[in-house]
Amino acid sequence: MGHRSGFMEERELVKRAKRGDVDAFGRLYESVYKKMYQYALYTLKNQHDAEDVVSETVTDAFAAIRSLRSEEAFSGWIFAILSNKCRHRMKDYYRMRTEDMLEEEEAGESESILQRSDAYDSDWSRNKEAYHDVREAFFELQEEERMILGMHIFLGYRTREIAAQLSMNENTVRSRESRALQKLKRRVLPDT
Amino acid sequence: MSMEKDREERWTERMQNDDTVCEGLNEEQQDESVEEQKKGLQEELQRMVEHFAEEQPIPESLLPEQVVERLKAEQQDAQRAQGKKRSRRILHITEMAAAVALVAAIGGIGTRQLSTRTDHAPDSSAGQAGDTADTAESSVIHEASTVEGDAETADENGAGALSQEVNLTGYQVASSYEEIYGLLRNNQEKIYEIEVDGAENIGIASFDADTYTTADIVADAATDAVTEEASIWEEEDSSGSSQYSTTNVQQEGVDESDVVKTDGSYIYQVLSDNTIAIVDIRSEKMELAAEIQPGKALLDTIEEIYVDGDRLYVIGTKNDADLSSYTIDDGLYYYSSYEVSTILLTYDITARQNPVQLGSYTQDGSYYTSRKVGDYIYLFTRDNLYNSYFDDVMGAIPCVQEQPVPCSSIYISNHAYTELVISSVNTVQPEKSVDEMVILDDYSSIYMGNSAIYIYKGTYTETAQYMTQIVKFSYEDGTFAPVASKLVRGEITDTFAISEKQGMLRVLTTDWSADKRVNQLCILDEQLEQTGEIDNIAEGERVYAARYIGDTAYFITYRNMDPLFVADLSDPYNPVLLGSATISGFSDYLHLYEDNLVLGIGYETDENSYVEGVKLVMFDVGDPLNPTVKSSYVLEDVTDSCADSNYKSVLVDAEKGIIGFITEFWWEEYSCDYHLFRWNGEGFEELLDIPLSGTGQYNRDVLNARGLYAGDTFYLAGSESVTSYDMTHNFVKMDELNYSK
């Protein structure tokens, strides 16, 4: 019944990947890697860390592909590994620095990314400032807020799934998310 | 890539529809200008995402080609580092496989005779040429099994065993926990080699790789299966007085757990936040009577429930493994500790507002399925042993209620890659196991008939003939006893293709290994000896759906048309194909609607076998020699029907004249709907089409929706609410109860 949908094709690829077929795994990866990198970058705010984390995720996921249950979507599964790794990476940040230093560094890092982005912005023909603002505003969010919003935006998670992933109450997730959105809104659409 | 595009579009849809994003953003949600602002913000965010994807360079090391190259290099390094050592071990194991099969006598209650029947067991002689070199190894195994044999020794040919012994070709009872540990450890090292090296060739590799794949598909169907249909028979029994619907089960008389149950007065529903809602439906206005939250200490996920009088049985999973525990040993293996268990909780719900927990029962392994017959609940857990690593001997032995399953109840085979644990609980003593057993074999599926449990899997013979191995265990009053095993040609491709009636087993298979696909139906007696068969059915096609009703078999095969076949099995020595009816498309779920009418749910296809929609067909089988299509209906805007993969989600009730099922749409965006139809005697009328997901994103929770009825009210129990409809007044919506989370 391979003609029925892309979902069936994914199942077939997963089965092949489980048998050690790297190319099949590569095709599955191809469908998610951009989102993975975006999520990692937006949550960690650091290109090197984002690259590291995605790379580690890929290695682990391939090694563990047989633990993917047949009814489970590949994307959800690999995103779970990724978001866990990001979370651990964030904990490392905390361990390494005090809260104050962290804030300073965060400001610095976001600056550098934004500068790089500015270069790309110059190629954009449309709404440059608006995008710049949204990104900047995003980086100003708390880590947890970035994670929650990132999971929603980049990984397509539902509130319930985010709550499960972060071991948080769903209502808490919802309120943090709306708080984060309010912050963004205030920043991006100040006149509302 | 188009998948990428799909995701983007789904995302758009989600941002527009999913209120959780903006919930609490502003309290005045009805205010239009606020709505517009929200929308504006969402659009901004989305544009950000899109432009990011286009403009932000992704590090080269993460590009798919680079990643694939790196993984391949790592794979090769690992192979090179370990190749030699492993090959020797494979040989070692292969040798063992041959030895095990030769001796295949196992202890146990039950019947007769021992195997000289190697002709029935092609894979028992699957030892590869050249293995004979290592005879020392085979005699070790041989000794182990003769020690096990009750009192008698088995000779080389397996003859001379006690009359009490049962021959289950390909299995033997473990002689010691050490033997099991050894077997699993060897597997662990052997598996990678097979998967990497042997995926192409048939012999050793194929039983592993290919069998897993095909059995997996069958098992998916079996695992996911759920329904509301036993009512057909109940109606007949209770002369049309069915007051409420029951779960659609595979076998009449064998109940199955599900995510929604009703007893006519209450609806019991598993919610996705791992609570169980008890909804009082005795009056028009529904009320939440109680919510049960077992809590993390008891279980992590609620899977399914049973309701029996004043008892509620909750099956859940406790999963102590954490994602962060994914670790790599040498860049190749993934070791996970074995920490998944299945929990059965019993609640006294005499006071529906105040359920009281009575007992808790634990069985190692991931939940596969369960059955309930009389007072006994049978729990099936199943785990892939591919990635498992055991520190010590006892770590490899599954436990039931914290007691290791005794050696004498552990059946081992030569491909012990999956662990199937089965135990029975008498609900009168919900904390005590009546009996338990473990099968270590390839990935297998189960079918539970009225007298026996049949465990079946696909396997290849050394001549590349695809066979299905069926092993039968009786389960009277919760006690398991081996009965017999059998290899039949071909593969069981539909959950309903295997069926027991009064001890006789009917099996419909598709044989893929012949030049042309061909199907056959065979009848096996209580000892699984074949009494009769119909061969060479529908050459070039395969079985998509089957249903046995009394002594008649109905089944669908398909290539580009959908023939429904009718076969008379009343003479087990001489089954006869009676007639067939043809229609475009194919059904992958069949259900006896009422006497002489068989309902098919499946797909409409064009001449190129391209699916054009989900299709309902009503076959008139009043004249079994000339079955005809009475009417059909095509739903064009959907891509998948869930009836086949999840039979428990189907509701068919001829007395009420209703047919309910779930469809999915898997294209640019995902959507899922519950459809309710009426059969008016001549044709199908659409009654309700209720969207189950507004998010545009796949989410398995929505598939847990169930349609059911009590009295004259139809209920749709969805993941977020229960809605009631008046069946006597055009299915007008009556009430809605939201599970506000």
Side-chain angles (χ1 to χ4, degrees), chain A residues 3-7 15 19-23 25-26 29-31 33-35 37-38 41 47 51 54-55 58-60 62-64 66-67 70-71 73 80-81 84 88 117 120 123-124 127 130-131 134-135 138 152-154 156 158-160 170 174-175 177-178 181-182 184-185 188-189 192, chain B residues 1 3-4 7 10-11 14 20-25 37 40-41 44-45 47-49 51-53 55-56 58-59 61-62 64 67-68 71-72 75 195-196 199 209 213 216 220 224 272-273 323-324 326 328 332-334 336 384 386-387 609-611 639-640 666-667 695 697-700 741:
Chain A
H3 56 282
R4 266 164 58 183
S5 68
F7 181 64
K15 273 171 195 154
R19 282 182 245 150
D21 182 338
V22 178
D23 291 311
F25 183 83
Y29 172 70
E30 193 176 351
S31 67
Y33 77 101
K34 284 183 186 161
K35 289 267 187 279
Y37 182 64
Q38 287 161 15
L41 185 60
Q47 287 191 335
E51 186 175 347
V54 173
S55 180
V58 165
T59 308
D60 282 15
F62 183 63
R66 292 206 191 99
S67 68
S70 55
E71 71 276 14
I81 300 176
N84 241 292
H88 281 269
S117 307
Y120 299 115
D123 295 333
W124 295 7
N127 291 330
Y131 303 131
V134 173
R135 240 192 334 268
F138 199 101
H152 207 129
I153 294 172
F154 300 111
R158 292 170 63 93
T159 308
R160 188 178 300 132
E170 257 185 71
R174 222 169 267 140
S175 68
E177 195 167 14
S178 61
L181 274 167
Q182 270 174 8
L184 282 185
K185 183 179 133 193
V188 180
L189 307 165
T192 57
Chain B
M1 192 178 181
M3 277 165 96
E4 186 62 33
R7 205 159 276 114
R10 261 185 245 159
W11 189 85
R14 146 192 297 276
T20 57
V21 184
C22 349
E23 221 171 71
L25 180 64
Q37 286 157 15
L41 175 59
E44 288 297 326
L45 281 166
R47 252 175 254 141
M48 173 182 88
V49 174
H51 278 275
F52 192 93
E55 304 293 334
Q56 182 73 21
I58 293 188
S61 73
L62 298 181
V67 163
V68 165
L71 291 175
K72 278 184 177 164
Q75 202 176 50
E195 296 267 313
V196 173
T213 308
D216 202 19
D220 284 349
D224 301 341
S272 50
D273 63 346
L323 270 169
S324 59
Y326 284 123
I328 314 301
L332 224 203
Y333 286 117
Y334 161 67
S336 71
N384 193 335
Y386 281 118
N387 291 317
S609 297
Y610 186 82
V611 172
T639 55
D640 291 72
W666 282 99
W667 221 232
T695 63
Q697 187 85 8
Y698 171 69
N699 167 12
R700 79 173 84 159
K741 293 291 170 194

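Computed from a predicted structure; not experimentally measured. In what follows, every chain begins at residue 1, and chains take the letters A, B, ... in the order their sequences are listed.
The closest side-chain heavy-atom distance from E51(A) to S61(B) is below 4.5 Å.
Closest approach of Y29(A) and L62(B) over heavy atoms only: OH-O, 2.6 Å. Looking at every heavy atom in both residues, G26(A) comes nearest to P64(B) through O-CB, 4.4 Å.
Partners of V22(A) by side-chain contact (heavy atoms from CB on, under 4.5 Å), not counting sequence neighbours, listed by chain and number: F62(A), V68(B), L71(B), K72(B), Q75(B).
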